[in-house]
Every structure is written in structure tokens, then in C-alpha cells.
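Please read the structure below before turning to the comments.
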Number of protein chains: 2
Amino acid sequence: MTQVHCTRAQTAVLQVLQQQREPISAQALYTLIKQQQRIGLATVYRALDALKRMGQVQHRVTLTGETLYNAVEQDRHYMTCLDCGQSFPLNTCPLKGLELSLKHSSSFTIYYHTLEFFGLCEPCSVQGG
Amino acid sequence: MTQVHCTRAQTAVLQVLQQQREPISAQALYTLIKQQQRIGLATVYRALDALKRMGQVQHRVTLTGETLYNAVEQDRHYMTCLDCGQSFPLNTCPLKGLELSLKHSSSFTIYYHTLEFFGLCEPCSVQGG
DNA sequence: CCTAGAAATGATAATCATTATCATGACGGG
DNA sequence: CCCGTCATGATAATGATTATCATTTCTAGG
């Protein structure tokens with residue numbers, strides 16, 4: 001991974017993200033970091049953008065349009081119910097191994113991937129989503 | 001798929017999306033539909049939201065933050081370069097079959113999935129992204 | 001057909017996340 | 001110690017999305 005140099009803000013953002021169990025919003029990130037050091041909201045976004053391009057951070061957009069960020073190493077994926085909107089984490093990545101073979105068959109250098117399933121969770125499909 | 005009843009707007013949105021080769025923005029969709037019928041931007045968003053919940057439409061967010069929509073049936077995925085931002089479509093879905101087995105091992109009813117790879121395309125990785 | 005109630009629509013205003021701007025502060029090299 | 005460069009914070013600006021509300025369309029009875 002192209003990890004070279006991190007600014008103070010980038011370090012703080014990445015560290016806080018790594019402490020989270022679930023992806024969080026930029027606003028939440030801002031609030032958390034502010035408890036420890038002086039930081040501006042714009043700087044949070046700048047750091048997120050830089051970290052994304054370094055392949056350290058990824059984001060996903062929920063059904064309701066919220067953008068959530070998380071540290072890449074977690075490799076966590078979800079099944080999201082189109083009816084109630086709840087997201088259920090997978091405990092293992094279905095692509096394990098597959099990504100590896102892709103790495104060899106293509107000239108594209110893969111850092112990470114995003115994967116999300118959409119459909120109906122059991123309760124919603126029972127009540128006739 | 002829970003396809004029951006479509007309003008005029010939903011029909012127009014879905015039809016135009018199905019004609020597209022690539023995902024497009026809500027604004028572009030609005031412009032295209034307006035050439036054929038009177039429609040409001042808010043209605044486009046409402047239709048997109050409804051179609052998403054019907055499992056007919058999905059969206060993805062580019063590196064630059066643009067939200068793009070496409071009809072679900074295309075099952076199209078991308079490799080996106082973290083350096084230049086370009087997206088390269090995969091010609092086949094790496095999850096083919098895998099999703100099927102997931103369907104049986106879980107009580108979650110899967111309609112579709114999103115999948116995207118991030119890393120460096122060859123030119124960018126050569127010049128030392 | 002005609003009509004009342006419900007749902008959909010269009011136009012516009014309001015919201016809110018993200019980005020641009022710009023003056024200030026930190027930092028490394030000479 | 002000073003200069004140039006880059007990072008930062010505060011705030012204004014932007015732009016996509018959502019809420020509002022009056023109007024139109026649709027549907028089910030009658």
C-alpha cells in the first residue's frame with residue numbers, strides 16, 4: 001500500500017476510524033476528534049479524501065443517503081434490507097481468495113473492494129415486504 | 001422481485017435507465033426524461049427511491065462524490081483507480097454462483113449486490129501512483 | 001359517466017453534506 | 001533565523017437531495 005507520509009489530521013482520522021466497530025459519518029468523526037484536539041470540519045474531509053486515495057479508508061452510502069467511512073483493513077461487508085433499511089454485517093468476506101486470483105489475471109492493482117448485498121431480511125420478507 | 005405497480009414517473013425513470021450503457025446522475029436522468037414528458041426533479045428522486053426499494057435500481061458513488069444510478073439487471077461492476085479516478089467495467093461478475101450459495105445459507109433474501117474494486121490502474125501504478 | 005378521497009406530481013423553498021476560499025500557523029532547508 | 005511551502009481552521013459558497021404544498025391524476029363506488 002502506498003503509505004508514505006501522514007499529516008496530523010490524517011493520523012487522527014485514521015486512528016479514530018480504526019477504533020470504530022462500525023462505519024461512521026464525517027460529522028461523527030469530526031465530533032470524536034474534536035474531543036482530543038483542535039480540528040476543523042473541512043480538514044476532516046480533506047484527510048478522508050487523502051486517506052481514500054491512499055487506499056486506507058473507504059466509504060459506503062446507506063439507503064437513506066448517509067455516507068459512512070471506515071478503515072479499509074476491516075474488510076467488512078453488509079446485507080442491507082430494502083424494506084426496513086437495516087444493515088447486517090457478514091462475518092466473512094465471500095470474495096476471500098477470489099480477489100487474489102483477480103490480482104493475477106489483470107494489470108489492475110487491487111487495494112481493496114466494496115461489496116454489499118441488498119434484499120429483504122427475514123422479518124420483512126415474512127410480513128410480505 | 002417485488003414488482004407490483006409503477007407510477008408514470010417510475011416507468012419513465014426505469015425505462016431511461018435501462019437504455020443507458022453506463023450509470024448516470026439524477027440530473028442527467030431528469031434532463032433526459034424532460035425531453036419526452038413534463039416531470040419535476042423531485043419526482044425523479046422520488047421514483048429513484050421507490051425503484052431502489054423495489055430492487056430495480058441501484059446507485060454507486062464515485063471517488064469524486066457523484067452519485068450514479070443504473071438499472072439493476074445489468075449486474076455491472078467496476079475497478080476504480082484511486083489515482084486517476086477512472087472506472088473500468090468488469091466484463092463478468094466475480095460473484096456469479098457465489099451469491100446463489102449465499103441465498104441458501106442465509107435467511108436473507110438477496111435481490112442484488114454491489115461490488116467495486118479500488119486500486120491503481122496500470123498507467124498510474126507504473127508512474128508510481 | 002360522475003364524484004369523492006387518495007395518491008402522485010411539479011415548482012419551489014429549505015436543508016445539509018461537502019467543497020472552496022483565504023488568512024494564519026507549522027515546518028524543513030538553507 | 002528567515003523564506004517558501006504545505007497544512008489547517010473558520011466560514012462562506014455550492015450543489016445535491018428532501019420537504020412543502022397547491023394542483024393534477026387516478027381509482028373505486030355509485
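Chain letters run A, B, ... following the sequence lines, proteins first and then strands; every chain starts at 1.
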Please report, rounded to the nearest Å, how far the [atom2] atom of [N] is from the [atom1] atom of [X].
X: A:K34; N: D:dA10; atom1: NZ; atom2: C1'; answer: 10 Å
X: B:L29; N: D:dT17; atom1: CG; atom2: P; answer: 11 Å
X: B:I33; N: C:dA11; atom1: CD1; atom2: P; answer: 14 Å
X: B:E66; N: D:dT14; atom1: CD; atom2: C1'; answer: 15 Å
X: A:I39; N: C:dA26; atom1: CD1; atom2: P; answer: 15 Å
X: A:Y30; N: D:dT8; atom1: OH; atom2: P; answer: 14 Å

Just wondering, do [Y] and [X] contact through their side chains at under 4.5 Å, heavy atoms?
X: B:L51; Y: B:V13; answer: yes
X: B:Q20; Y: B:L32; answer: yes
X: B:S87; Y: B:R60; answer: yes

Show me the donor-acceptor pairs within less than 3.5 Å that the side chains of residues 42-50 of chain B make with the rest of the protein, sequence neighbours left out.
from, atom 1, to, atom 2, distance (Å)
B:T43, OG1, B:R46, NH2, 3.2
B:D49, OD2, B:R53, NE, 3.4

Would you list the protein and nucleotides 4-8 of chain C atom pairs, both N or O, that sit under 3.5 Å from each other?
none

Note to self: Between A:Q37 and A:I33 (side chain of the first, backbone of the second, donor and acceptor by atom type, cut-off under 3.5 Å), is there such a pair?
What the structure shows: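 No, because the side chain of A:Q37 does not come within donor-acceptor range (under 3.5 Å) of the backbone of A:I33.
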
Margin query: Quick one, B:Q58 with B:N70, criterion side chain to side chain contact (heavy atoms under 4.5 Å, CB included). Give me CA distance, side-chain angles, the key distance, then yes/no.
Written below: CA-CA 6 Å; B:Q58 67 186 77; B:N70 68 287; 3.4 Å; yes

Pairs under 3.5 Å (N/O, protein and nucleotides 18-20 of chain C):
from, atom 1, to, atom 2, distance (Å)
C:dT18, OP1, A:T67, OG1, 3.3
C:dT18, OP2, A:Y45, OH, 2.2
C:dT18, O5', A:Y45, OH, 3.4

Next item on the list: Give me the ring orientation class for A:H59 and A:Y69: parallel if the planes are under 30° apart, tilted from 30 to 60°, perpendicular past 60°.
Entry: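 The rings of A:H59 and A:Y69 sit tilted, inter-plane angle from 30° to 60°.
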
Notebook entry, point to check: Do we see a donor-acceptor contact under 3.5 Å between the side chains of B:E116 and B:T80?
Noted result: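 There is such a pair between these side chains.
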
